[in-house]
Number of protein chains: 2
Amino acid sequence: MKRPTINDVAALAGVSRATASRAMSDYGRISADTVERVKAAALELGYQPNAVAQSMRAGNTKTIGLVVIADFTNVFFDRATKGIVDAARDQGYEVIISNTDENIAIEREAINTLLQKQVDGLIVVPSTAAVHDHLSPTSRQNKPLVIIDRMVPGVNATSITTNDFESCEAAVKEAVAKGHKNLSFLIATSTIEGFDSEKPMLRNTTIEDRVNGFMNGVIDTKSKKAQWVYCSENPATAEAAVNHLLDSKAPPSIIFTSNNDMALAVLKVAGKRGLELGKDISLVTVDDSQWLEAISPGITVVERPVDEVARLAVEKLLEHINNKAKKPEKIVLPTRLISRGSVANLKAK
Amino acid sequence: MKRPTINDVAALAGVSRATASRAMSDYGRISADTVERVKAAALELGYQPNAVAQSMRAGNTKTIGLVVIADFTNVFFDRATKGIVDAARDQGYEVIISNTDENIAIEREAINTLLQKQVDGLIVVPSTAAVHDHLSPTSRQNKPLVIIDRMVPGVNATSITTNDFESCEAAVKEAVAKGHKNLSFLIATSTIEGFDSEKPMLRNTTIEDRVNGFMNGVIDTKSKKAQWVYCSENPATAEAAVNHLLDSKAPPSIIFTSNNDMALAVLKVAGKRGLELGKDISLVTVDDSQWLEAISPGITVVERPVDEVARLAVEKLLEHINNKAKKPEKIVLPTRLISRGSVANLKAK
DNA sequence: CTGAAAGCGCTAACAT
DNA sequence: ATGTTAGCGCTTTCAG
């Protein structure tokens, strides 16, 4: 009743298990006749090789570990996950997934567990740029590592990120060109409670990049009025922050949000206040989703090449695993501003 | 430069590797003194147990395989995946993910690979109810299996599904109560090309369940006019199907869609035609997302308890893995109709 | 309380 | 062309 092993196959075929192994993997010198007999025996027994034993012997598991945060308000990480799983499978690798919920302690533990399970490499979305001792070559047993979505300065590993700066800047410029003079920015960050106009420490380079892009847009366009609100990721707080903006003395005509959590808050508040999107209030966010395009008006967005990020992450990781890669690379992929109806053209009036 | 093994720890601590192993796992009779010395040695060397070797010995991997379809237009599978990964981790299990894109050949292969990797159990979203030889106890080496989202009649395994029938029926009744007399149904199915009003073979019980729920609603409310369109999952085709409905002699006042792909098509077409949702055209769909609630008007939806599905799937699977489970169960969880503004109240006029 | 030895299933040197 | 043997790293009898 137990799974057949290569020994059973060998016995049935009347050969030694070394021969059986050779026959199954088509290596070494072996007669076509034997191969056939062994394969027939394997088929008859329903033999399936035990990958754990193979890993034990070979010293590799053909498995990579993915440490990621799950986020259901944008499809970036979901699509990245799918992209990575699919790309890995194409190369004969499976993926073990860990979700960190952006918690560094969980991230640490996840990486540890993955290493104990002997993954051949790691793809990580680091929860913070501030702590990275657990990503050092020693901590990761010299296993290859590719960091995606965010950079972690100080870690000697390949990273695949996106150039959010430029498109965020472009978004501001476009809004100003359309006549928006009173701008506002709603930035999500887990480093504070509630919301505040003071810029706090930002935990990751991606958000920093977006903020800088927005900022530069403001400077370049010489916009006088620009309000900044940094806000915790809590939905209720986000709505409060939006209300705060709209209740200010000089309410903004447009809100740029750093992610879709914040954009949802804007939509909700707009709905409650009866404000029409793209008319009474304008909105720009980051990370495209199908629904952002489908609703009316569609929402203007900074789109990031998530499939490309995923594809490259696997490609680069495997290069390192197979020792074909030299030095770590810092790859930054371009983003794209997709203009839709959520930004009102104030000049047309 | 190599990872230290238990032998290295034993050597450093001056004990046999059997003793070292005992010390590390706190089992058997062993002096507190030795335990301390061994653990100190382990710490000094940065010893991490090799889970592959442990699996080899123990005959289990503390890993489960998840075979799922990725779908970015609704969060059901994404959230299920997260729920499963998190629940598994709580119990000390990791999850290897395979995406099938609803392709039976890939599903077969994925299950096979997972079994070769010696997962302790499988959670599967079967791509079709029609084929299931690969899910039989023999094909899966008698490894425990839990099927989610859809039932596969004929497979002897625990399944966790949702009762979409009732809420879909309720949705129709509510719409009729609001004065809708001309109903339409847009059902996604991968079993046909293009779209058609003839009911094709449906590949899974979940869609079947929704159709039956809608159908029963029509019957119960004695609605005379009801148009049915079965449509391939292609976005362009879906839009064409919506246009077809709206261009018919008696255009429906409401469209019930079987999933969010179809709902997006309705939104797009409505946008292009300048139809206002919840006024000129009404919409009900299945599977809630944050954006369905955030936009104005919100979209009425049949919500399924995805987190509960995930939690239960892991719970039941582990019961089977630990031999605590008796017979396979067919668990059906209740769904809920969430009414929002996308269904116009025609009687109020 | 601890050590020696066996063995999980596999493959690659090393024979023959 | 095939068989014998060793060993990947670990845990668990079995002895002592």
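To find a chain, count down the sequence lines: A is the first, B the second, and so on, and within it residues start at 1. Everything numeric in this text was worked out from a predicted model, so none of it was measured.
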**Student:** Identify which nucleotide among C:dA4, D:dC10, C:dG9 has an atom closest to any side-chain atom of B:Ala18, counting heavy atoms from C-beta outward.
**Tutor:** C:dA4
**Student:** Side chain of B:Arg17: nearest nucleotide among C:dG3, D:dT2, C:dA6?
**Tutor:** C:dA6
**Student:** Would you please confirm or rule out a distance under 4.0 Å between OP1 or OP2 of C:dC1 and any side-chain N or O of B:Tyr27?
**Tutor:** no
**Student:** Just call it for A:Thr34: base, sugar-phosphate, or nothing, with non-hydrogen atoms closer than 4.0 Å on any strand.
**Tutor:**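 Here A:Thr34 touches the backbone only, sparing every base.
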**Student:** What's the closest nucleotide to the A:Asn50 side chain, out of D:dC10, D:dG3, C:dG9?
**Tutor:**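 Of the options given, the side chain of A:Asn50 lies nearest C:dG9.
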**Student:** Going by distance alone, is a donor N or O of one side chain under 3.5 Å from an acceptor N or O of the other, for A:Arg304 and A:Thr162?
**Tutor:** yes
**Student:** Output the rounded distance in Å from NZ (B:Lys117) to P (C:dC10).
**Tutor:** 15 Å
**Student:** Here's a test of your reading of the structure: between A:Ile30 and B:Ile6, which maps to the more 5' nucleotide of DNA chain D?
**Tutor:**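 Here A:Ile30 is the residue nearer the 5' end.
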**Student:** Rounding to an integer number of Å, can you tell me how far B:Asn7 CG sits from D:dC10 C1'?
**Tutor:** 9 Å
**Student:** So, is B:Ser21 near the phosphate of D:dT11, with a side-chain N or O under 4.0 Å from OP1 or OP2?
**Tutor:**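 Indeed, a polar side-chain atom of B:Ser21 lies that close.
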**Student:** So, does B:Ser31 get its side chain near the phosphate of C:dC1, meaning an N or O under 4.0 Å from OP1 or OP2?
**Tutor:**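 So the side chain of B:Ser31 is outside the cut-off, no N or O lying under 4.0 Å from OP1 or OP2 of C:dC1.
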**Student:** Looking at B:Gln54, I'd like to know whether one of its side-chain N or O atoms comes within less than 4.0 Å of OP1 or OP2 on D:dT11.
**Tutor:**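 For D:dT11, OP1 or OP2 has a side-chain N or O of B:Gln54 closer than 4.0 Å.
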**Student:** Whole Å only: how far is the CG atom of B:Asp26 from the P atom of D:dT11?
**Tutor:**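 These atoms are roughly 12 Å apart.
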**Student:** I want to check one thing: is the phosphate of D:dG3, taken as OP1 and OP2, less than 4.0 Å away from some side-chain N or O of A:Ser16?
**Tutor:** yes
**Student:** Expressed in angstrom and rounded to an integer, what is the separation of B:Met24 atom CE from D:dT11 atom P?
**Tutor:** 9 Å
**Student:** Specify the separation, in whole Å, of atom CD of A:Gln48 and atom C1' of C:dC10.
**Tutor:** 15 Å
**Student:** What residue among A:Ile30, A:Leu12, A:Ile6, A:Val15 forms side chain to side chain contact (heavy atoms under 4.5 Å, CB included) with A:Val38?
**Tutor:** A:Val15
**Student:** Starting at atom CZ of A:Arg22, determine the distance to atom P of D:dT5, rounded to an integer number of angstrom.
**Tutor:** 14 Å
**Student:** A:Tyr93 pairs by side chain to side chain contact (heavy atoms under 4.5 Å, CB included) with which of A:Ile84, A:Thr63, A:Asp120, A:Val119?
**Tutor:** A:Asp120
**Student:** For a quick check under 3.5 Å, do B:Ser127 and B:Glu107 share a side-chain donor-acceptor pair by atom type?
**Tutor:**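 Note: B:Ser127 and B:Glu107 side chains meet the donor-acceptor criterion.
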**Student:** Tell me the interatomic distance from B:Arg29, atom CZ, to D:dG16, atom C1', rounded to whole angstroms.
**Tutor:** 13 Å
**Student:** Among the nucleotides D:dC8, D:dG3, D:dT11, which one has an atom lying closest to any side-chain atom of A:Met56?
**Tutor:**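 Closest nucleotide to the A:Met56 side chain: D:dC8.
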**Student:** Can you tell me how far C1' of C:dG3 sits from CZ of B:Arg37, to the nearest Å?
**Tutor:**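 It is 14 Å, rounded to the nearest whole Å.
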**Student:** Do A:Gln48 and B:Asn112 have side-chain N/O donor and acceptor atoms under 3.5 Å apart?
**Tutor:**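 A:Gln48 vs B:Asn112: donor-acceptor pair found between side chains.
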**Student:** Assign B:Val15 to base, sugar-phosphate, or nothing according to its heavy-atom contacts below 4.0 angstrom with the strands shown.
**Tutor:** sugar-phosphate
